[in-house]
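First up is the structure itself, then whatever we jot down about it.
Letters A, B, ... are given to chains in the order of the sequence lines, protein chains preceding strands, and every chain is numbered from 1.
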Amino acid sequence: YNLAPKPTPEKAKAGKLPGVPSEPLKIGGMWFISGKFGTYGDMAKKALNMAVEEINSSGGILGRKVEVTLKDEADRENVLKNIRKMVEEEGAEFLIGIDSSGDVLKLTPVVENELHVVTIITHAATPKLTACNNLHYMFRISMYEEPIDIAAAKLVAEKFKDVKKIASIGPDYAYGYDSWAIFSNALKKLLPDVTWMEPMYSKLGTEDFSTYIDKMLSYGPDLVFSSLWGGDAATFVKQANSKGLFDSIKYYLNPMLGATDTLKAIGDGNVPAKAEVWGSGRYWFLYPPHDVYPLNKNFVNKFKSKYGEYPPYVSATSYTAIYALKAAIEKAYVAKGAWPSQDDVVAALEGLAIAGPMGPVAIRNEDHQGVYSVFWGKLKRGAPNYPHPILDDLQIFDFGEVFPAPKQTYVKCG
Amino acid sequence: MQSESEEVSFEQIAIAVGIILLALVPLAGRHMTHLVASALLLSLAATSFNLLFGYTGLLSFGHALFWGVGGYTLAVMMSRFGLGYVESFVMAVIMSAVFGAVIGFLCVRHTRIYFAILTLAFGQMFYGVAVKWDFLGGSDGIYGLPRPFNTLELYYYVILAITLASLFILYKITRSSLGLSFMAVRDNAFRAKFIGLDVSRVRLTSFIISSIFSGVAGALYVLLETAISPETMLWTHSAEFVFVTLLGGPRVFLGPLVGGFIYSFLADVAMSATEYWLLVIGVVLVAIVLFFPHGVLGYFLKWREKR
Amino acid sequence: MKALETRNLRKYFGNVRAVDGVSIHVDQGEIVSLVGPNGAGKTTLLNLISGLIKPDSGEVYLMGEDITGKSPNQLVSKGLARCFQISNVFEDLTVLENLLVAIHSISGTISMTKRLDDSEAVEKAMKILKEFNLDVKAHLTPKELSHGDRKLLDVAIAYSLNPKVILLDEPTAAMSYREKKTTVGVIKKLRDQLRVTVLLVEHDLDVVYEVSDRIVVMHQGQILSVGTPEEVREDPKVKEVYLG
Amino acid sequence: MIAKLEDVVVEIKGVTVLRGVNLEVREGEAVALIGRNGAGKTTTIKTIMGLLRPKSGRVYLLDEDVTQKPAHERANMGIGYVPEGRRIIPDLTALENLEIAYGGKVPEDLLEWVLQFVPDLKRFLDRKGLYLSGGEQQMLAIARGLIRKPKLLLLDEPLEGLAPKITAIVTKTLKQIRDEGFSMLISESGIVKRLEGLATKAYGIDRGEIVYEGSLEGILSDEKARSRIWGV
Amino acid sequence: MDPGLILVQTFNGLVYSSILFLVSSGLTLIYGIMRVLNLAHGSLYMVGAYLGITVVLYLMSGTPLGYLLAFLAVPPLTGLLGAALERGLIRRTYEMGEEYQLLLTFGLILIFDDLVKMIWGPAYINFPDPNAFLGGFRFGEYKIPVYHILLIALGFSVFLVLWAFFSKTFTGKVMRAAAQDSEVVEAMGVDVSKIFVYSFFLGSLLSGLGGISAGPLYTASPGMGTDIIVYSFAVIVIGGMGSVPGALAGSLIVGVFRSLAIAFYPQMEIVVVFVIMALVLLVKPTGLFGAPEFERR
Ligand SMILES: Nc1ncnc2c1ncn2[C@@H]1O[C@H](COP(=O)(O)OP(=O)(O)OP(=O)(O)O)[C@@H](O)[C@H]1O
Ligand SMILES: Nc1ncnc2c1ncn2[C@@H]1O[C@H](COP(=O)(O)OP(=O)(O)OP(=O)(O)O)[C@@H](O)[C@H]1O
Ligand SMILES: [Mg+2]
Ligand SMILES: [Mg+2]
């Protein structure tokens, strides 16, 4: 469906630039819209609406209005067909989105070898995308899992030196396995003496974690590392709380917990009293701090007043993706004097630095990965002014510390 | 009432026009080509499913399994063993037959809901295997397969040719004495024993043929989509075969084909139009049951007969 | 020669002695009727002979061959066909197709390359339909047939299997006067012109007396009396438990 | 009057099956409905029972217009039904089949009363319907129709598949019931003779139309009536 | 292996079994007794959970009273919804084949998923944890939450009530009879259409009870009814269609084996239920407590 653009103000229309086509610029987006993970599409849509409105009311991109069409990633058998449709039939000139790592890997050869359109990934987090491919048309603006997990290892090594036994749980697919591999390998270098429980994996959308929780209890860890996300992350915390896991462990780390959707679902009532619960993510609405970084403040306030909630990370990354495209196109236009080709936009995106709600993001030349700093924060309940628990005691890891060099990864390619 | 010969010629004209239109599809652009190609494959799978359901009376709720077997075999042969298109495709056909034989052997002793649930169980089991087994690419599946001839248009003609040939073979089967034995078993398995039919064997034969052509559709789809993932074997995909068939009409040979096209275009349009596209499909399904229980094509033929 | 013979057949359902040591035989070319009170075990006996259920003990012989415990579809190829108490045909196939599937099945021509309307088979089917006066209804489905014609179709299917022996279970039940007459004619034709041996279960004594060479009377799972129609009609035991 | 059909037209799946049937059953009468297969007997009986609704015309039971009443309410007015093909619930025992019709546990004396009509039933009261022989099912069906001592008993070919001795017993029973003042409507397609002495009145039906009204003996003796009912 | 762990894991399995039983007993009632294949049964479970959230979280802001209210109010509401579906839609398919019921109710799943999304939003929502006020017992290094114990008790009591209802009461028998030959039973003076509505009401009530019971443990999201319906079908096939004791046995087997598989053979998790089901069907085609299908003679 279309996120219909708001009418363009007259003055923007008047200033038509030479070499710029007059028809609207179409961008194709894909996220989960229906089903269990439909909330991600919803978050993306909200941010896109905002971005499109802002851009169009100030004259569009080089005078072209922006239109975004969305397709549902939940139509599992037809992901690539639907992507192709947006480009070949609906005339999308650029693509953004993609939630699932599996889909992003499938999509890569199609975009690179067949469609040849600039594609900005806003969610899927597998290191393989940027580390194992020689990307030309594809970029990832969102933080991926590796820096967050490496930061987690640093956090443990620096702050929780007393850790002896570690247990882990993750979703039962590539992301879960990779996440554990990265964290454990990174941590083994820093704290070689810890012992590890055989990692556990639960299928996506698991309802009942009791079995996993009791298995952890039988091992008796003092730290649990969990890469569960979304509803699973919330369910786990709630059930672990009532099954007493947080009474016997000291630390609980989840690289995906710092998502407002998850925190909202956890609710103040389920924040454990005893153990320290730490979370991270691709964006945290209170970071960079509003007083020093007004862009984030404006984004958060606008989002809050428009939708009545604090922006989740997918909203921030999708929002940034549109602005990254805008910046790249404008940069390329300045260089060329005409509407840029796909390759021109690629060239403009490489090395581009763009200010997003999550802070300045630099897109690396070598692997097309957007880099920015990583946060870890401690879960705090009953924060005044917020309807859900928030992250407190933020630990910031500069991207230089935690991003592997381009094309390097703990995960096996291929 | 029209005379018999006129009726035949009407159908022949309709089919001829249909084939010509299908041959012209690439003129309508890449997306249309893609859409029609995938509609053809869905239709082929549904038609082969319907050999088992409409003709033999067994409702399989796990038929996407064979789509997956065909698809995964092709993908594995190409990506892991480096076989060519033709060899991989032949292997896909063989594996679909082998899986059909083994799973069919275990399932055909059951009928009705038990058969449906048992086939569903096998489908889910193999979904589980595909998710867990790295050799099959695990949850990511296998991707980045090169399309034959490197152009969509030429590959479309491959799909069109193989689909039409498969449909022709399936049609011939339904008009053969074997097809007749399927229908006899469907109508009255009890009596079928007393005319000397080995009911289990008849059912198994139908099951194997049906899995082979579902496998063919799956194998062809892999190269159209250029990837395959475990979700293709989930029961919701199997359910798609069922309702595509019912949508078109299970008692008419071309019913699943009509249903496949209607469904594919409906989903395509609905998704572009609204975020609640599944709701649209749901409403259509409910309406079909309430107002066109014989399927769209079945209804059309009835209506024409009445005139 | 004995076309069909049972030796000491026995089948109990829990404490119900449905068939309790039954030895009967039917000679080639004979029509034997099996009569008896309701619940005597007639249908059960047919079920045992035709392989639908397995006997607790005893044997069944067809043309001298032991066929005990063989499945119905195996028995069909050996020349044993049966019809059912409630007419039991292929509802969504046409009358012609009902016969064609039987003909293909018995002549082993079930294959995906054999057209279902193979001309040889169609010819044979139409010939049989003519025998049963059903040829004009060849393209109707059984739903469109009268009750009597459905029953006839049931018999025609059995006949198209080239049987040596046909088992008929109440073929004239719920038939009107005229239909009964047709059916009686067909049963006689089976014996006289088509050389088929018939074992018939029937409650309508007019029919039984008219067609039978011999009558077997069952009672409580056992043979009460055997003889010609005249003998049985006069048998006091039969009068008491069956005729009343 | 117990039951009356007035110009009843019934359609089944778009096909007109009854074309203006008029028929009446009076108190204490045993009315025979004679017709060949497919003539419309079952349809007539189901229409009286309320299992089919007429397209036009009226149905009266016990002097009340019941055209719009559902079947279960008619049953509760005192209409008993012995369906064609017996329709015994296969999963329940014979006794439980009776209980369903009675609407609860059958009192001892009532069971006795029914068993006097079909004494053989005693043998298999606790056997599942599925396992009953054809004739046993028929006896049970009759008992089930009688269990609530209905004012009108509808019997759809009740003698089908019964051994001659049982046929005689059942007709005698039905006579007894009739003489006790119950009314009944009995359909028959085959041997009209066996209703002799039972039916006090007969209708002949063919292709959904009443083609004969008179005595049963009339049918047996009159060749013309017979040819009308069974066609020539 | 640690015997204490086996014990708690079995207990965990029992909790899951209870929820499965609540849902699948409703399904077995509707399918096994009425021969109606209701794929949308899982949607009523979902609706039960969402209604529960509305009462507990939005109306009563997480207080214990909210739970009490939800348990009393939600199941009858889903029951009514089920009855309305029967009256309005499903009833029209009785004359058609099972496959049409399947198609119709599959359509209903899609409709329900999107309606829930429209009403309650696409985001997953959590109940506040009832153990916050119920607490739990220590068992070695493990903890047994009181709510879990209550769930097992609930499942078992519902079983007793249903079992008594169907085997001991006359209404139960009538329901069974009506399923087999509704026309005759109607002619015997039973208002069959009412019986069908009651069965649907009861079956849907049980599904909703499953939803409100499971809700506080799990997380609600649109589409949450799909897993449970597949598992419930497995349960009633294993136990035997239409058998309430069968539904119990099936739930126990599925719940406990799944739990033990996760604990000790995690790679089996996804497939274990289906393997059990296939094995049971291959050995005993009608399920553990199922009666043989009737074959005509
Ligand atoms: N599966 C079974 N379980 C228990 N009893 C059975 C079973 N099958 C048949 N019976 C009983 O065995 C006896 C013989 O039944 P059968 O059907 O052979 O009678 P029949 O002679 O054909 O009677 P009818 O003339 O009424 O059809 C009956 O009393 C019947 O109830
Ligand atoms: N469900 C149906 N669908 C179509 N036609 C039907 C249906 N039921 C009955 N008919 C038709 O209605 C006509 C009357 O049927 P009905 O059952 O009333 O006859 P009957 O006199 O009881 O015959 P029988 O002696 O065979 O029981 C028949 O021609 C039959 O084909
Ligand atoms: Mg019998
Ligand atoms: Mg009738």
For [X], does the [atom1] atom sit with more than 12 other heavy atoms under 6.0 Å from it, leaving out its own atoms?
X      : atom1 : result
E/Y198 : OH    : no
D/K175 : NZ    : yes
D/F117 : CZ    : yes

| query | Which value, rounded to the nearest 0.5 Å, describes the distance between E/D181 atom CG and D/I100 atom CD1? | reply |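 Output value for this atom pair is 11.5 Å.
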| CD1 of E/I195 to NE2 of D/H72: how many Å apart, nearest 0.5 Å? |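 Rounded to the nearest 0.5 Å, the CD1-NE2 separation comes to 10.5 Å.
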With a 4.5 Å heavy-atom cut-off, do [X] and [Y] have their side chains touching?
X      : Y      : answer
E/V185 : D/I89  : yes
D/M49  : E/E186 : no
E/F170 : D/E99  : yes
E/E183 : D/R87  : yes

| said: If the contact rule is any heavy atom under 4.5 Å from chain E, which residues of residues 60-71 of chain D qualify, in numerical order? | reply: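 Listed by number, the contacting residues are D/P70, D/A71.
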| Nearest atoms (heavy-atom pairs only) where D/A75 meets E/A187 |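 Distance-wise, the nearest heavy atoms are CB-O, 3.2 Å.
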| field | Results of ring-ring contact (aromatic ring centres under 6.0 Å, His included) for E/Y94 - residues two or more places apart only | value |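 Partners of E/Y94 under the ring-ring contact (aromatic ring centres under 6.0 Å, His included) test: E/F196.
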| request: Verify, without hydrogens or angle tests, whether E/Q180 (side chain) and D/D91 (backbone) share a donor-acceptor contact under 3.5 angstrom. | output: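 At least one qualifying donor-acceptor pair exists.
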| message | Has D/R148 got a side-chain atom pairing as donor or acceptor with E/M188's backbone, closer than 3.5 angstrom? | response |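 Looks like yes, one N/O pair under 3.5 Å.
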| query | Under a 4.5 Å heavy-atom cutoff, which of D/G145, D/G103, D/G50, D/P150 has the most pairs with chain E? | reply |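 Of the options given, most contacts go to D/G103.
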| task | Measure D/E73 against the heavy atoms of chain E and call it side chain, backbone, both or neither at under 4.5 Å. | result |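 Contact with chain E is absent: no heavy atom of D/E73 under 4.5 Å.
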| said: What verdict does the side-chain contact (heavy atoms from CB on, under 4.5 Å) test give for D/L92 and E/R176, after you've listed the backbone C-alpha separation in whole Å, the side-chain angles of each residue and the deciding distance to 0.1 Å? | reply: CA-CA 9 Å; D/L92 300 183; E/R176 271 157 61 200; 3.6 Å; yes
